[in-house]
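Remarks on the structure that follows.
These figures come from a predicted structure and were not determined experimentally. All residue numbers refer to positions in the sequence shown, counting from 1.
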Amino acid sequence: MMKPIIACTMYRQDDPPQGSALPKMALTAAYLQAIMRVGGIPIMLPLGLSEADLVTVLAHVDGVLLPGGGDMHPRYYDEPMSDQIKRLDEERDWIELAVTRLAVVEEIPLLAICRGHQLLNVALGGSLWADIPSQMPGGVNHDFDEGHPPQYQAHSVMIEPVSLLAEVLGTTETAVNSLHHQGIKVLAPSLRASAFSPDGLIEAVEIPEHPFAIGVQWHPEWLLNESAAMVNLFDRFVQAAGNGRS
Ligand code: MN
């Protein structure tokens with residue numbers, strides 16, 4: 001049996017702290033290692049592919065992973081630019097919005113992480129809190145990006161008992177890491193919220209009519225040694241990708 005192939009989007013790294021300053025497109029290794037750990041083959045989708053190129057690539061892959069990263073441009077959810085919005089890359093916004101809409105329409109298994117979870121919501125017509133600390137009433141601190149290891153378990157999430165996520169994780173409550181300052185404000189009409197943090201923020205979404213489309217606000221790729229449930233999340237995603245090919 002052939003292993004499922006998972007296409008991952010990438011980010012730009014033009015200014016590395018050490019080594020060559022030549023422009024690069026990169027992806028944090030933990031995403032790629034998580035896919036390989038559960039039997040998938042990750043490949044990368046470089047920035048700059050056209051919509052026609054994406055259609056071609058997606059005809060040859062079994063799943064799509066949207067990783068974390070900087071903020072989306074707020075134009076996509078009709079909010080003004082502000083000083084709190086950081087690390088914009090509109091070329092990345094474009095390719096990820098395009099690949100997300102294709103994966104949804106073509107029913108290609110999709111796992112969307114952190115920025116990816118937010119982008120999935122925006123791609124389908126939802127909006128974001130551009131900055132939780134300054135905008136969301138009652139929002140707790142979700143931004144443990146600095147001063148904590150990435151696996152730091154920052155808060156719990158309550159998972160909707162009747163959801164694909166609860167079935168996949170095998171639990172209705174778990175501790176998660178939290179490395180984000182934005183979050184879902186208005187949920188897209190075709191998405192269902194499947195997990196919430198104690199302050200009420202939507203921490204996971206899914207598309208009920210899709211074979212496997214899950215977004216999580218946390219970073220499961222950093223929790224594989226702490227949580228069998230997060231291994232299950234990658235495992236079931238790659239399994240769904242394998243099932244899709246016939
Ligand atoms: Mn959080």
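- The nearest pair of heavy atoms linking Ile108 to Gly63 is CG2-CA, 3.7 Å.
- In this structure, CG on Leu165 lies 11.0 Å from CG on Asn232, to the nearest 0.5 angstrom.
- Between Phe234 and Arg37, every side-chain heavy-atom pair lies at or beyond the 4.5 Å cut-off.
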Kindly determine whether Ile202 and Leu187 satisfy side-chain contact (heavy atoms from CB on, under 4.5 Å), including the steps that lead there. CA-CA 8 Å; Ile202 295 172; Leu187 185 66; 4.1 Å; yes
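- Between Tyr11 and Arg92, the shortest heavy-atom contact is CB-NH1, 3.4 Å.
- Between atom CD of residue Gln153 and atom CG of residue Leu223 there is a gap of 6.0 Å, rounded to the nearest 0.5 Å.
- The shortest non-hydrogen separation linking Leu233 to Val216 is CD2-CG1, 4.3 Å.
- Contact of the Pro74 side chain with the Ile85 side chain is registered, since non-hydrogen atoms from C-beta on lie closer than 4.5 Å.
- Shortest non-hydrogen contact noted between Met81 and His73 is SD-NE2, 4.3 Å.
- Follow the hydrophobic side-chain contacts under 4.5 Å out from Val61 and you reach Leu66 in the same cluster.
- Judged by distance alone, the side chains of Gln239 and Asp235 do bring a donor and an acceptor atom under 3.5 Å apart.
- Annotation: salt bridge (Lys or Arg N to Asp or Glu O under 4.0 Å) contacts involving residues 115-141, sequence neighbours excluded, comprise Asp93-Arg115, Glu96-Arg115.
- Looking at heavy atoms from C-beta onward, Val157 lies out of side-chain contact with Gln217 at the 4.5 angstrom threshold.
- Taking 4.5 Å as the limit, every side-chain heavy atom of Leu201 sits out of range of all side-chain heavy atoms of Phe196.
- Under a 3.5 Å cut-off, the side chain of Ser163 and the backbone N or O of Ala166 do form a donor-acceptor pair.
- Under the salt bridge (Lys or Arg N to Asp or Glu O under 4.0 Å) criterion, the residue pairs touching residues 72-82 are Arg75-Glu90, Glu79-Lys185, with sequence neighbours excluded.
- When the side-chain hydrogen bond (donor to acceptor under 3.5 Å, both in side chains) test is applied to His142, the partners found at least two apart in sequence or on another chain are His155, Ser178, His180, Asp199, Glu203.
- Side chains of Ser227 and Val176 form no contact here, defined as non-hydrogen atoms less than 4.5 Å apart.
- Under a 3.5 Å cut-off, the side chain of Thr28 and the backbone N or O of Ala30 do not form any donor-acceptor pair.
- In this structure, Glu160 and Ala193 approach most closely via the heavy-atom pair CG-O, 3.6 Å.
- For the pair Thr9 and Met44, the minimum side-chain heavy-atom distance is 4.5 Å or more.
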Please test Arg236 against Val38 for side-chain contact (heavy atoms from CB on, under 4.5 Å), starting from the C-alpha separation and ending with a verdict. CA-CA 9 Å; Arg236 287 286 300 273; Val38 298; over 6 Å; no
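- One N or O on the side chain of Glu206 and one on the backbone of Leu164 form a donor-acceptor pair closer than 3.5 Å.
- In this structure the side chain of Leu179 never reaches within 4.5 angstrom of the side chain of Trp218, judged on heavy atoms.
- A donor-acceptor contact shorter than 3.5 Å is absent between the side chain of Asn177 and the backbone of Gln151.
- For the atom pair CD1 of Ile207 and CG of Leu191, the computed distance is 5.5 Å after rounding to the nearest 0.5 Å.
- Here Cys8 contributes atom SG and Leu27 contributes atom CG; the two are 6.0 Å apart, rounded to the nearest 0.5 Å.
- Phe144 and Val140 are members of different hydrophobic clusters when ILVMFWY side chains are connected at heavy-atom separations under 4.5 Å.
- No continuous path of hydrophobic side-chain contacts links Trp129 to Tyr77 [ILVMFWY only; heavy atoms under 4.5 Å].
- A continuous path of Ile, Leu, Val, Met, Phe, Trp and Tyr side chains, each step under 4.5 Å between heavy atoms, connects Leu97 with Val57, placing both in one hydrophobic cluster.
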Output, in order, the C-alpha distance, side-chain angles, deciding distance and verdict of side-chain contact (heavy atoms from CB on, under 4.5 Å) for Val99 and Leu45. CA-CA 10 Å; Val99 80; Leu45 297 178; 3.9 Å; yes
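- Between His148 and Tyr152, the two ring planes are tilted [angle within 30° to 60°].
- Nearest heavy-atom pair, Ala188 versus Asn121, reported as atom, atom and distance to 0.1 Å: N-OD1, 2.7 Å.
- Under the 4.5 Å side-chain criterion, counting only non-hydrogen atoms from C-beta, Val55 is not in contact with Asp53.
- A distance of 10.0 Å separates CZ in Phe237 from CD1 in Ile214, rounded to the nearest 0.5 Å.
- Put simply, Met158 and Val205 are part of two different groups of oily side chains (I, L, V, M, F, W, Y) that touch within less than 4.5 Å, one to the next.
- How far CD1 of Ile184 is from CG of Leu120: 7.5 Å, rounded to the nearest 0.5 Å.
- Salt-bridge annotation for Asp71 and Lys86: absent, with no side-chain N of the basic residue lying under 4.0 Å from a carboxylate O of the acidic one.
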Pair Met36-Tyr31, side-chain contact (heavy atoms from CB on, under 4.5 Å): steps then yes or no: CA-CA 9 Å; Met36 291 188 281; Tyr31 300 106; over 6 Å; no
